[in-house]
There are 2 protein chains.
Amino acid sequence: MHLLLVEDDHLVAEGLCRSLRQQGYSVEHSSTVKSAMQWLQNDEIELVVLDLGLPDGDGIDILKHIKKHRKNLPVVILTARGSIDDKVMGLDLGADDYLAKPFDPAELFARLRVASRRVTQAQTSTLKVGDVEMDTAAFTVRFQGEPVNLPRKEFMLLKALLENQGRVQSKQQLESKLYEWGEEVGSNTIEVHIHHLRKKFPKEFIKTLRGIGYVVGKR
Amino acid sequence: MHLLLVEDDHLVAEGLCRSLRQQGYSVEHSSTVKSAMQWLQNDEIELVVLDLGLPDGDGIDILKHIKKHRKNLPVVILTARGSIDDKVMGLDLGADDYLAKPFDPAELFARLRVASRRVTQAQTSTLKVGDVEMDTAAFTVRFQGEPVNLPRKEFMLLKALLENQGRVQSKQQLESKLYEWGEEVGSNTIEVHIHHLRKKFPKEFIKTLRGIGYVVGKR
DNA sequence: AGCGAAACTTAAATAAAACTTAAGAAAAAT
DNA sequence: ATTTTTCTTAAGTTTTATTTAAGTTTCGCT
């Protein structure tokens with residue numbers, strides 16, 4: 001799950017980044033309003049942790065922007081100011097939750113889980129194409145009813161394909177779903193994973209479109 | 001299972017907290033109406049033990065609030081007042097059960113089990129997967145009919161696995177079931193407990209899905 | 001048909017995750 | 001208060017996943 005952390009205090013940011021990653025999030029970090037806005041162009045951000053009180057503008061603007069353009073993106077606010085007014089304003093503007101500094105990281109994680117659950121639960125947890133079935137919540141995959149065990153990256157790749165049944169995706173698109181930005185790999189990983197997946201499913205389940213990408217399902 | 005205890009008498013609270021934890025609950029404690037309300041924001045609270053008669057307001061208000069916002073959250077009421085009227089009022093407002101002080105802790109535990117069973121949908125207090133059988137009320141586990149003695153944490157971990165037969169759960173999910181907020185551990189405890197459990201059951205009873213989590217039972 | 005680009009296959013190297021131990025800290029029991 | 005049990009940590013080990021890279025095949029194009 002891709003998370004955007006907007007926090008200007010570098011010390012705080014560094015620590016949070018690390019522990020958020022430990023919690024399994026892919027974390028992007030902005031320390032200014034400007035760069036935060038830029039990241040928000042990116043559709044793959046699914047969750048935002050927002051510190052109010054940035055050097056180059058007001059974090060509230062970011063919140064407003066988010067709620068205008070992506071109503072459904074969950075936002076958890078951090079702030080040093082503890083006043084009720086701030087809290088009310090934040091929540092009224094559509095923030096999902098609010099934490100006053102200093103806070104216990106564990107509490108932040110709990111609140112993030114709650115916030116992201118709202119999003120995750122909305123989408124159904126099972127995907128099916130042909131006789132390949134995936135339960136994204138339980139992390140299970142079946143082929144003709146038989147369980148198939150997939151390592152994490154293969155699972156993620158298959159998920160990306162199933163989620164876009166009938167739509168061709170380029171290797172680069174797929175890559176960006178499996179890796180964090182800045183971490184994008186420099187070799188033929190996707191090809192190799194595709195190859196491994198193919199050994200576990202019918203030969204032509206994953207189709208190749210030369211020079212274009214990969215698809216699953218009819219089109 | 002995360003439980004919120006609302007109790008202003010510190011002596012009582014301390015004792016209850018400890019024994020509830022021994023029963024395997026993750027306990028949060030509030031001694032005021034205000035802080036109780038705050039904890040109730042947290043969706044992961046699954047069970048409430050509520051002492052009426054708090055210093056800064058009436059516990060009945062908390063009950064009303066709960067039943068308004070989270071109809072399904074089970075509440076067990078404690079009270080020093082023994083009057084029938086209180087009892088009737090509490091139950092009418094949707095409390096699941098009622099205990100007059102002084103009470104036998106064992107009775108509270110029993111009632112909590114009943115109350116939480118309602119939520120879990122489980123009809124009985126026994127879980128069974130393969131030839132591993134657990135009686136959650138009696139705190140006993142049998143393997144092929146033979147009793148197995150498990151320390152608390154191992155018991156809780158096994159319970160979490162059995163309750164989700166066929167579902168893969170990540171170490172983090174499991175952790176959050178065994179520990180309370182702010183206490184979530186910083187090391188490989190789960191791995192170690194899994195290891196200990198495995199010595200007591202067939203080798204592949206608990207399956208590992210590398211990078212994903214652990215499961216029990218068929219899938 | 002033959003060339004070049006793209007994708008496939010394979011195997012080895014690297015990295016990551018999980019397992020195993022054992023020792024010390026904490027909690028419970030006596 | 002003492003002893004025993006259980007829990008947590010951390011380091012070392014093993015296992016497995018992932019990436020890389022090189023060699024091979026396939027495909028589309030002129």
Side-chain angles (χ1 to χ4, degrees), chain A residues 18 21-24 26 106 139 141 148-158 160-161 168-175 177-180 183-201 203-215, chain B residues 14-15 17-27 105 139 141 148-158 160-161 168-175 177-180 182-201 203-215:
Chain A
R18 213 174 16 179
R21 288 199 176 107
Q22 243 172 41
Q23 296 287 308
S26 291
F139 272 104
V141 179
V148 180
N149 254 349
L150 297 182
R152 200 178 49 221
K153 282 270 148 73
E154 282 175 40
F155 184 94
M156 286 159 74
L157 177 55
L158 180 59
L161 289 168
V168 185
Q169 296 178 92
S170 70
K171 276 185 279 204
Q172 291 191 355
Q173 286 178 304
L174 292 168
E175 246 178 44
K177 293 185 182 187
L178 302 210
Y179 302 93
E180 298 191 29
E183 190 211 358
E184 250 139 277
V185 307
S187 120
N188 62 342
T189 344
I190 298 293
E191 285 172 15
V192 175
H193 286 312
I194 290 274
H195 176 228
H196 289 146
L197 278 173
R198 281 181 171 152
K199 292 208 252 182
K200 297 170 184 168
F201 299 100
K203 193 68 203 308
E204 2 56 56
F205 177 64
I206 300 172
K207 273 159 287 193
T208 302
L209 286 120
R210 212 152 236 268
I212 307 178
Y214 299 94
V215 219
Chain B
E14 200 173 308
C17 273
R18 210 168 24 167
S19 45
L20 285 167
R21 285 188 182 121
Q22 253 176 34
Q23 294 289 310
Y25 295 100
S26 291
V27 183
F139 269 99
V141 178
V148 180
N149 230 4
L150 296 183
R152 255 184 312 286
K153 281 271 147 72
E154 282 174 41
F155 183 92
M156 285 160 71
L157 178 55
L158 181 59
L161 289 168
V168 184
Q169 297 179 90
S170 70
K171 277 186 278 206
Q172 293 192 358
Q173 287 177 304
L174 293 168
E175 246 177 45
K177 293 184 184 190
L178 301 209
Y179 301 93
E180 12 207 299
E183 190 213 0
E184 257 144 270
V185 309
S187 110
N188 62 342
T189 348
I190 299 291
E191 284 173 16
V192 174
H193 287 312
I194 290 274
H195 176 228
H196 290 147
L197 278 173
R198 281 182 171 151
K199 292 208 249 182
K200 298 170 185 169
F201 299 100
K203 192 70 203 307
E204 2 55 54
F205 177 65
I206 300 172
K207 274 160 287 194
T208 299
L209 287 116
R210 214 152 237 263
I212 304 176
Y214 298 95
V215 220

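Treat the numbers as computed from the prediction; the structure is a model and nothing was measured. Here is how names work: the chains are called A, B, and so on, in the same order as the sequence lines, proteins then strands, and each is numbered from 1.
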### Task
For B/R18 and C/dA27, give me the distance from atom CZ to atom C1', rounded to whole Å.
10 Å

### Message
Measure CD/B/E204 against C1'/C/dC19 and give the value in whole Å, please.
### Response
16 Å

### Query
Are the side chains of A/E191 and A/Y214 in touch, meaning some heavy atoms are under 4.5 Å apart?
yes

### Task
Classify the nucleic acid contact of B/S187 as base, sugar-phosphate or nothing, counting any heavy atom under 4.0 Å across all strands shown.
base

### Task
For B/L197 and D/dT6, give me the distance from atom CG to atom C1', rounded to whole Å.
13 Å

### Task
Please check the phosphate of C/dT20 (OP1 and OP2 only) for any side-chain N or O of B/R198 closer than 4.0 Å.
no

### Message
With a 4.0 Å cutoff (strictly under), does any side-chain N or O of B/T208 reach OP1 or OP2 of C/dC19?
### Response
yes

### Task
May I ask you to evaluate whether A/H193 reaches the phosphate of D/dA17, defined as a side-chain N or O under 4.0 Å from OP1 or OP2?
no

### Message
Side-chain N or O of B/K153 versus OP1/OP2 of D/dT8: is the shortest distance under 4.0 Å?
### Response
yes

### Aromatic ring pairing A/F205/A/F201, orientation class (parallel under 30°, perpendicular over 60°, tilted between)
tilted

### Message
Between the side chains of B/R198 and B/E204, is the shortest nitrogen-to-carboxylate-oxygen separation below 4.0 Å, so that they form an ion pair?
### Response
no

### Message
What is the separation between atom CD on B/E175 and atom P on D/dT8, rounded to the nearest whole Å?
### Response
10 Å

### Task
Provide the closest heavy-atom pair for B/C17 versus B/V27 in the form atom of the first, atom of the second, distance.
SG-CG1, 3.8 Å

### Task
Give B/F155 one of three labels, base, sugar-phosphate or nothing, depending on what nucleic acid heavy atoms sit under 4.0 Å from its own.
nothing

### Message
Quick check on C/dT9: is either OP1 or OP2 less than 4.0 Å from any side-chain nitrogen or oxygen of A/H195?
### Response
yes

### Query
Would a distance-only check, ignoring hydrogens and angles, find a side-chain to backbone donor-acceptor pair under 3.5 Å from B/Q23 to B/R18?
no

### Query
Closest nucleotide of DNA chain D for A/R152 versus for B/H196: which of these residues is on the 5' side?
B/H196

### Message
Using whole Å, what does the distance between atom P of nucleotide C/dT20 and atom NZ of B/K200 come to?
### Response
14 Å

### Nucleotide nearest A/V192 when distance is taken to its side chain, options D/dA21, D/dT18, D/dT6
D/dA21

### Task
Give the rounded distance in Å between these two atoms: CZ of B/R21 and C1' of D/dT6.
17 Å

### Query
Using a cut-off of 4.0 Å on non-hydrogen atoms, how would the nucleic acid contact of B/K171 be classed: base, sugar-phosphate, or nothing?
sugar-phosphate

#### Entry: Option passing side chain to side chain contact (heavy atoms under 4.5 Å, CB included) with A/F139 (candidates B/L209, B/I212, B/V215)
B/I212

### Message
Can you measure A/Y214 atom OH to C/dA6 atom P for me and round it to whole angstrom units?
### Response
12 Å

### Query
Can you find an N or O donor on one side and an acceptor on the other, under 3.5 Å apart, linking the side chain of B/R210 with the base of C/dA18?
no

## Note on the structure
Rounded to whole Å, the CG-C1' distance (A/L178 to D/dT18) equals 11 Å

### Query
Of B/K199 and B/I212, whose nearest nucleotide on DNA chain C comes first from the 5' end?
B/I212

### Task
Return yes if the base of D/dT5 and the side-chain atoms of B/N149 contain a donor-acceptor N/O pair under 3.5 Å, otherwise no.
no

